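Worksheet for the structure shown next.
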Amino acid sequence: MKKLLLVVLVLFGLQTQAQQATPYFCCDSITYWTDQGQGLFVGLDTTGIIHNPDSMIVSWQVCNANMCYVGDGISAFFGQIVTTDTIKVGYDVYLYENGVLEICSMEEWLVFNGTNWVLLNMIPTSLPGFVIEEDGVRWWNDKIYDLQGRELREIPVGKMYIREGKLHITR
């Protein structure tokens, strides 16, 4: 009986050590923030990370219709970005903890809604009364719309727009 108890305790101790050696991965706990002033400020929000990594390296990429810009650090500033841009924001975060490297990457398209930067896929891309159906055939009107559903008089350059039920961008 003593031998059986000793074996159980040793196995339990090994299992506990194995669980402690398993790293905690943080990518799901990382978010970012944006702030529009003169240019675009972005920053990493790591308040949701349970463990404190030994070190962290952050690389940013922000693109508009003309060019992509890079920055480093927990926050970065992109003076070339204006609120009329449709932008792609991305980051790569390298987290080091107990000799284990975790790489977190993210890319999202954003537009400015007049107050804040919002995800492009959160904006409705269908407009009421936009499709006319006649005998089962779809006909699109010739109108051009911005991503907020406002009718445009001409095709915007360097910005996304909706025409014939599809998303377009002209360079």
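All figures in this text were calculated on a predicted structure; none of them were measured in a lab. All values below were derived from every heavy atom in this structure, side-chain atoms included, with hydrogens, water molecules and symmetry-related copies excluded.
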Which residue pairs satisfy the disulfide (SG to SG under 2.5 Å) criterion with at least one member in residues 67-102, sequence neighbours excluded? Cys63-Cys68

Applying disulfide (SG to SG under 2.5 Å), which residue pairs with at least one partner in residues 80-119 are found, sequence neighbours left out? Cys27-Cys104

The criterion is salt bridge (charged side-chain N to carboxylate O under 4.0 Å, His left out); which residues satisfy it with Glu151, sequence neighbours excluded? Lys143

Does Ile49 belong to the same Ile/Leu/Val/Met/Phe/Trp/Tyr cluster as Met106, with side-chain heavy atoms less than 4.5 Å apart forming each link? yes

Does Phe77 belong to the same Ile/Leu/Val/Met/Phe/Trp/Tyr cluster as Phe112, with side-chain heavy atoms less than 4.5 Å apart forming each link? no

Could you pull out all donor-acceptor pairs under 3.5 Å where a side-chain atom in residues 83-95 meets a protein atom, sequence neighbours excluded?
residue, atom, partner, partner atom, Å
Asp85, OD2, Val82, N, 3.1
Asp92, OD1, Ser105, OG, 2.6
Asp92, OD2, Gln61, NE2, 3.3

Can you check whether Thr115's main-chain N or O pairs, donor with acceptor, with Asn113's side chain at less than 3.5 Å? yes

Where the side chain of Asp35 meets the backbone of Leu40, is there a donor-acceptor pair that is under 3.5 Å apart? no

Residues in ring-ring contact (aromatic ring centres under 6.0 Å, His included) with Phe78, at least two apart? none

Minimum heavy-atom separation for [X] to [Y], with atom names?
X     : Y     : result
Gly71 : Ala76 : CA-CB, 4.4 Å
Trp60 : Gly73 : NE1-O, 2.9 Å
Ser75 : Trp33 : CB-CZ2, 4.2 Å

Listed pairs under 3.5 Å, donor-acceptor, residues 41-48 side chains, sequence neighbours left out:
residue, atom, partner, partner atom, Å
Asp45, OD1, Thr47, N, 3.1
Asp45, OD1, Thr47, OG1, 2.7

